[in-house]
There are 2 protein chains.
Amino acid sequence: MTTNDPATEGQIGATKTSFGIVEHLRNHGTMGVSEVASALGVSKSTAHNHLQTLAELGYVIQTDEGYDLSLKFLDLGDHARRRHALYHAAISEMDDLVEAVGERGQVMVEENGRGVYIYQVKTEQGVQTDSHIGTTVDLHTTAVGKSYLAFCDDDTRERLLENSLSELTSNTISDRETLLEELETIRERGYAFNDEERITGMRAVGAPILSDDDTILGAISVSGPTTRMKGEWYRREVPEMVMQAARIIGIRATYS
Amino acid sequence: MTTNDPATEGQIGATKTSFGIVEHLRNHGTMGVSEVASALGVSKSTAHNHLQTLAELGYVIQTDEGYDLSLKFLDLGDHARRRHALYHAAISEMDDLVEAVGERGQVMVEENGRGVYIYQVKTEQGVQTDSHIGTTVDLHTTAVGKSYLAFCDDDTRERLLENSLSELTSNTISDRETLLEELETIRERGYAFNDEERITGMRAVGAPILSDDDTILGAISVSGPTTRMKGEWYRREVPEMVMQAARIIGIRATYS
DNA sequence: AATTTCGTTCGCCTCTCCAAAACAGCTGTT
DNA sequence: AACAGCTGTTTTGGAGAGGCGAACGAAATT
């Protein structure tokens with residue numbers, strides 16, 4: 001991490017450990033008091049107190065095998081994404097787009113410098129990957145993310161690109177200059193490709209969602225394996241469909 | 001509330017206020033420090049500290065208009081529901097069921113004495129109601145809930161019915177004896193109806209999901225307006241389809 | 001310019017909350 | 001059966017975290 005700015009440093013330690021426990025349960029599944037205590041580096045009684053409190057509040061549930069995250073987070077998460085106008089505007093149109101293309105589709109918004117998937121439509125033959133609802137991704141490694149970076153305003157872009165660019169595959173654009181050129185291209189033609197830049201074997205076509213005053217709300221994409229995403233289909237037809245859907249969603253998001 | 005049992009009372013006050021803030025943001029949307037402070041009955045500096053900490057952890061985001069829930073909860077919620085075997089087993093089958101019936105479908109599990117929807121499939125003509133993913137409902141007022149109550153073991157049923165039965169519409173079964181008889185009927189025929197017992201104008205057909213050792217995992221249902229859910233279709237054909245789907249999901253949940 | 005309302009910062013005092021240890025319940029082992 | 005080695009729970013006391021209130025600064029409204 002970077003140097004802690006004392007001015008913006010959070011004060012409440014108890015909250016930090018409580019959420020630390022929550023995140024640990026998220027990453028490792030059901031576990032008991034002792035395991036939590038040693039994992040978090042706190043005493044057993046502390047872990048017990050926190051888990052007890054979280055259970056009373058209804059955020060963890062106590063089963064025979066230990067403690068686990070409750071579904072209250074599902075409700076909170078649903079509320080969080082419903083706050084985005086893009087979510088309501090996108091869902092039905094995305095369903096149609098995915099049916100037309102036959103590949104998986106997703107809706108992304110930016111939060112804290114990362115891309116977050118707020119909606120995803122699977123297909124019969126869809127490839128199982130690591131991306132779910134709520135998954136966060138590096139913006140420069142996805143079609144949705146590059147669409148976003150291309151069409152956000154300059155200040156935002158600078159903020160989003162201030163940290164170094166990770167390299168996830170051999171195709172990832174991890175050089176800043178190259179990326180900026182790529183973004184220029186995307187801006188000109190209106191849509192973005194992803195050619196195995198995040199996951200080898202997967203391609204995608206993305207486009208930004210703009211409201212009528214040209215502020216960016218997020219981005220959408222469809223993605224599939226290189227075996228199916230190729231040729232004119234991938235280069236011409238899919239982009240056309242994605243762009244069309246993006247326009248409709250943008251209009252719908254504006255008037256709602 | 002009932003009398004606080006001191007033995008199971010949560011200790012960590014800071015965690016309680018932090019989650020109190022989270023819930024308040026969930027219910028009332030974006031707001032600032034002062035508004036949070038007065039709503040929660042704490043000092044401005046306290047509210048500020050908590051919000052600052054939550055923001056640093058990434059659970060609230062700070063915009064121009066104030067603080068709001070972040071999409072990190074979406075990720076936590078998704079993980080929470082993925083832990084249920086029923087979720088993975090149900091999704092594709094539910095999609096098919098909903099397409100066949102043409103009405104909205106949902107998957108429910110029980111948590112803390114209430115029913116929680118972990119999956120929902122909408123339809124073109126589907127009615128918008130108050131139920132989303134993560135929504136909790138009184139078990140005795142829904143087809144899914146009654147299916148669950150009918151097929152869970154006796155100890156569980158007793159625990160789930162220990163508090164009084166709310167009355168949401170004139171059709172709600174709020175009398176314990178009547179409910180137990182209804183559950184007996186459901187147990188015999190294998191599926192449950194909901195005839196405007198939660199929302200006037202809405203009917204539903206539900207069935208339990210049982211793993212092969214007859215332990216109950218949850219329940220599914222399809223629901224629609226009384227104008228379409230009627231006659232033989234509602235009484236015979238839809239139950240047949242729901243039961244069939246429930247059987248398949250049960251088998252799939254067992255071997256996974 | 002004056003006034004209100006916002007978010008942030010400061011310092012003090014109190015009561016929370018953390019750690020260590022004792023306690024209790026359960027499982028399997030010798 | 002007694003024991004050992006785990007669990008989760010409860011109790012203690014003391015340190016310091018975190019709460020309040022007041023003062024500050026900034027921004028919006030009059």
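Note that these values count all heavy atoms, side chains included, but never hydrogens, waters or copies made by symmetry.
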To the nearest angstrom, how far is A/K44 atom NZ from D/dT7 atom P? 7 Å

Rounding to an integer number of Å, can you tell me how far A/Q52 CD sits from D/dT10 P? 7 Å

Are A/Y191 and A/F151 an aromatic pair by the rule of ring centers under 6.0 Å? no

For A/E35, answer base if it contacts any base atom (sugar-phosphate contacts may also be present), sugar-phosphate if it contacts only those atoms, and nothing otherwise; contact means non-hydrogen atoms under 4.0 Å. nothing

May I have the distance from B/Q11 (atom CD) to D/dG8 (atom P), rounded to whole angstrom? 17 Å

Testing C/dT8, C/dA19, D/dT9 for proximity to the side chain of A/S43, the answer is C/dA19

Atom CD1 of A/I12 and atom C1' of C/dC17: how far apart are they, to the nearest Å? 12 Å

With the side chain defined as heavy atoms from C-beta on, B/A14 is closest, among D/dT9, C/dC17, D/dC20, to C/dC17

Are the side chain of A/E167 and the backbone N or O of A/I173 linked by a donor-acceptor pair below 3.5 Å? no

Atom pair distance, as rounded to whole Å: CG in B/L54 and P in C/dG7: 15 Å

In this structure, how many angstroms lie between the P atom of C/dC18 and the CG atom of A/L40, rounded? 11 Å

Salt bridge between B/E184 and B/R187, side-chain N to carboxylate O under 4.0 Å? yes

With a 4.0 Å cut-off on heavy atoms, is B/S45 in touch with a base, just the backbone sugar-phosphate, or nothing at all? base

Check B/K72 with A/E23, please: is the shortest side-chain N to carboxylate O separation under 4.0 Å? yes

With a 4.0 Å cut-off on N to O distance, would you call A/R198 and A/D138 a salt bridge? no

When rounded to whole Å, the NE2 to P distance for the pair B/H48 and D/dG25 reads 16 Å

Counting side-chain heavy atoms from C-beta on, which of C/dT8, D/dG8, D/dG19 comes nearest to B/T17? D/dG19

When rounded to whole Å, the CD to C1' distance for the pair B/E65 and C/dC6 reads 15 Å

I want to verify a distance call: between C/dA19, D/dT9, C/dC6, whose nearest atom is closest to the A/T46 side chain? C/dA19

